[in-house]
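Below: the structure, in structure tokens.
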Amino acid sequence: MGRANDAAAAALEEYAELFAMTGGDAFRVRSYQKAAKAIAGHPGDISRVDVREVPGVGEAIAKKVEEFLARGSFRQLDALREEVPEGVRRMTRIASLGPKKAVLLFRELGIGSPEELERAIRGGRLAGVRGFGAKTEENLLKGIEQLRQAGGRVHLGVAMELAERVVASLPAERVAYAGSLRRMKDTVGDVDVLAVGSVSLMEVFKGQPYVAEVIASGERKTSIRSDRGLQVDLRVVPEESWGAAMQYFTGSKEHNVRLREMCVKRGWKLSEYGLFEGERVVASRTEEDIYHALGMQWVPPPLREDVGEIEAALKGELPELVTVEDLKGDLHTHTDLTDGIATLEEMVTAAAARGYAYYAVTDHAPNLFMQRMTLEKMREQREQVHRLQERFPDMRLLHGTELNIAPDGTVDWPAEILAEFDVTVASVHSHFTQSREEMTRRFVAACENPHVHIIGHPTTRKIGKRPPVDADWETVFAAAARTGTVMEIDAYPDRADLPSDLVRMARHQGVRFSIDSDSHAVPHLANMRFGVGIAQRGGLTTDDVINTWPLDRLLGLLSS
DNA sequence: GCCGTTTTCGGCCCGACTGTTTTCAGTCG
């Protein structure tokens, strides 16, 4: 489950994209994409085992991967990177603009980046170009605006992988990441790493393989741009002010401003070097020392957004946040029967290894046509689940499904079939642009369906790719609270859905939550920690999260 | 490029939607 897998998969995905853009055969494109997905989802570390073991990897792809593992790229990838400018690749990240149109714009009009495309549209240069009418221009401008709003930020999964790589690479007395990453924010603009060590640490840092460019380097701080474009700042801090530095660089800015205001009122001063009364150090070694000196509880980083946590900490009333260890199961996962890449047995075995008390298999249902699900396949899977149960006496297997919420709020299968499932997740997978009124009615109808237990990835956003749908969430959550429908926190880091601000809103209305991995491969099961981060930011306790409950209590909710 | 109860070629999840076209290409899930 190594980062070698992820890096090689990313290279193959990039190659597939470039290959498609340069007119490569569509089936070969699919082969590269399939291999990338399989390698990313493969439980074994491909830098240790033969990559030919991975299904979908033949001789040609194996050679490319081996070259990539040896030197960080492969010949064919280098060639295509030369041929297609980086800006043209960025253009395909604009919603509704795929590889065909992007290349056409580049070849015919010399448009080589989203910025140039925007200027061209506004300058009327697309008028009369075949396939580009007024509506398309409007959609492209909208897509460019979305792209701009995402900025240079990446989702937590990408940032966490890099941060852990950086932390592991530094031989320091103490080293840890801080910043929005430590607060488990769903997107991260740059990675802040703190370390206790000597100046030579900076030299070690600058020589790491993930460093693409050194932006600035001094005695106390070095900034680099990583191979994936993300900036990393390393700060070397004195041992005795470790706590103050962690507190300061974890933020948020708003939280810290409030703390410093409290200090000023007492005639104290708080900085990254410590909490001071004149020259006297009041606290600095640990974060706990600092918060306690201010007469408050230590505040868990995900809560540090100045949304009431300071008042609560002063009164000693911070919630006891849900943790990864509290999770007793996963209620939304897939297998290769639909779009997962691991078998039922592989997924269940991996889930049992995580020590779960229960585990639900929820493959897609027939209305998502591309998944080719049928009643027969679903029932056959249920039989397999029942047979498999005998081998896992300590983990209760639940047979479920992920239903598709149609534009009118109805779902796949009639009520009597739905009643056969132990658990159902219902999600929106299409018609994302309905009006707020229609979308709200759609979700309310799904909540009111007595056979729907959980609303999956409610906003359907994909970070950096697709905006959330528009709905009146107050009304949706009121319906969920009234009907006892659970809202999912989809832990997959590019979804992170519900987002934490909506979690807070829903919690205030009395809604309950399920933190699910939405796994399509064995390694995805480990994404649960990102979902827990969202739940913590939303202030959730174990009582709010149904998959921390003991099996009996969970089954009670599912059967009511 | 991969794969094979079809063994070395021929098929590869496919249907809906959008915006454009006047019979369809591109994009998406």
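Here is the naming used below: chain letters follow the sequence lines, and residue numbers restart at 1 for every chain.
- When rounded to the nearest whole Å, the span between NZ of A/Lys101 and P of B/dC24 equals 17 Å.
- Between A/Leu140 atom CG and B/dT20 atom P there is a gap of 10 Å when expressed in whole angstrom units.
- Using a 4.0 Å heavy-atom criterion, one finds that A/Leu97 contacts the sugar-phosphate atoms exclusively.
- Atom CG in A/Asp339 sits about 16 Å away from atom C1' in B/dG15, given to the nearest Å.
- A cation-pi arrangement is absent between A/Arg28 and A/Phe19, since the terminal nitrogen or guanidinium carbon is not both under 6.0 Å from the aromatic centre and inside a 45° cone about the axis.
- Using a 30° and 60° split on the angle between ring planes, A/Phe443 and A/Trp473 fall in the tilted class, from 30° to 60°.
- At B/dT18, none of the side-chain N or O atoms of A/Thr136 fall inside 4.0 Å of OP1 or OP2 (strictly under the cut-off).
- In A/Glu82, the CD atom is not crowded: 12 or fewer heavy atoms of neighbouring residues, nucleotides or ligands sit closer than 6.0 Å.
- Take the nearest nucleotide of DNA chain B for A/Ala60 and for A/Phe27: the residue whose nucleotide is more 5' is A/Ala60.
- Residue A/Ile39 contributes atom CD1, which lies 11 Å from atom P of B/dC2 at whole-angstrom precision.
- Here the separation of B/dG15 from B/dC9, taken at their P atoms, is 30 Å to the nearest Å.
- Here the P atom of nucleotide B/dC12 and the CE atom of A/Met370 are 15 Å apart, to the nearest Å.
- A/Ala102 comes within 4.0 angstrom of nothing in the nucleic acid, heavy atoms only.
- Counting only heavy atoms from C-beta on, A/Lys100 has its side chain closest to B/dT27 among B/dT27, B/dC17, B/dC2.
- For the pair A/Lys101 and A/Phe106, the NZ or CZ position fails the cation-pi test of under 6.0 Å to the six-membered ring centre and within 45 degrees of the ring normal.
- With both ends at atom C1', the span from B/dT7 to B/dC14 equals 27 Å, rounded to whole Å.
- Under the Watson-Crick and G-U wobble criteria, each requiring two contacts below 3.5 Å, nucleotide B/dT8 is left unpaired.
- The side chain of A/Asn139 places an N or O atom within less than 4.0 Å of a non-bridging phosphate oxygen (OP1 or OP2) of B/dG19.
- Between A/Lys64 and B/dG1, a side-chain N or O to OP1/OP2 separation shorter than 4.0 Å is present.
- In the set B/dG29, B/dT27, B/dC2, B/dG29 carries the atom at the smallest distance from any side-chain atom of A/His429.
- Both geometric conditions, a ring-centre gap below 5.5 Å and a plane tilt below 30°, are not fulfilled together for A/Phe369 over the base of B/dC14.
- The separation of B/dT6 from B/dC12, taken at their P atoms, amounts to 14 Å, rounded to a whole angstrom.
- For the 3.5 Å distance criterion, the side chains of A/Asn527 and A/Ser517 fail to qualify, holding no donor opposite an acceptor.
- The phosphate of B/dC14 (OP1 or OP2) has a side-chain N or O of A/Arg372 nearer than 4.0 angstrom.
- Residue-to-nucleotide proximity on DNA chain B shows that, of A/Lys135 and A/Pro55, the 5′-proximal contact is made by A/Pro55.
- Using a 4.0 Å heavy-atom criterion, one finds that A/Gln371 contacts no nucleic acid atom at all.
- Here the nucleotide nearest the side chain of A/His431, chosen from B/dC17, B/dG1, B/dG29, is B/dC17.
- Rounded to whole Å, the distance from CE on A/Met91 to P on B/dG26 is 15 Å.
- A cation-pi contact, defined as under 6.0 Å to the ring centre and within 45° of the axis, is absent between A/Arg495 and A/Phe530.
- Of the candidate nucleotides B/dG29, B/dG1, B/dT27, B/dT27 has the atom lying nearest to any side-chain atom of A/Pro99.
- If you take atom C1' in B/dT18 and the same atom in B/dG11, they sit 29 Å apart, rounded to whole Å.
- Between A/Glu13 and A/Lys37 there is no salt bridge, since no side-chain nitrogen of the basic residue lies less than 4.0 Å from a carboxylate oxygen of the acidic one.
- The nearest whole Å value for the distance from the CZ atom in A/Arg28 to the C1' atom in B/dG11 is 16 Å.
- Nucleotides B/dT21 and B/dA16 place their P atoms 24 Å apart, quoted to the nearest Å.
- Counting to the nearest Å, the P atom of B/dG19 and the CG atom of A/Leu126 are 16 Å from each other.
- A gap of 14 Å separates the P atoms of B/dG26 and B/dT20, to the nearest Å.
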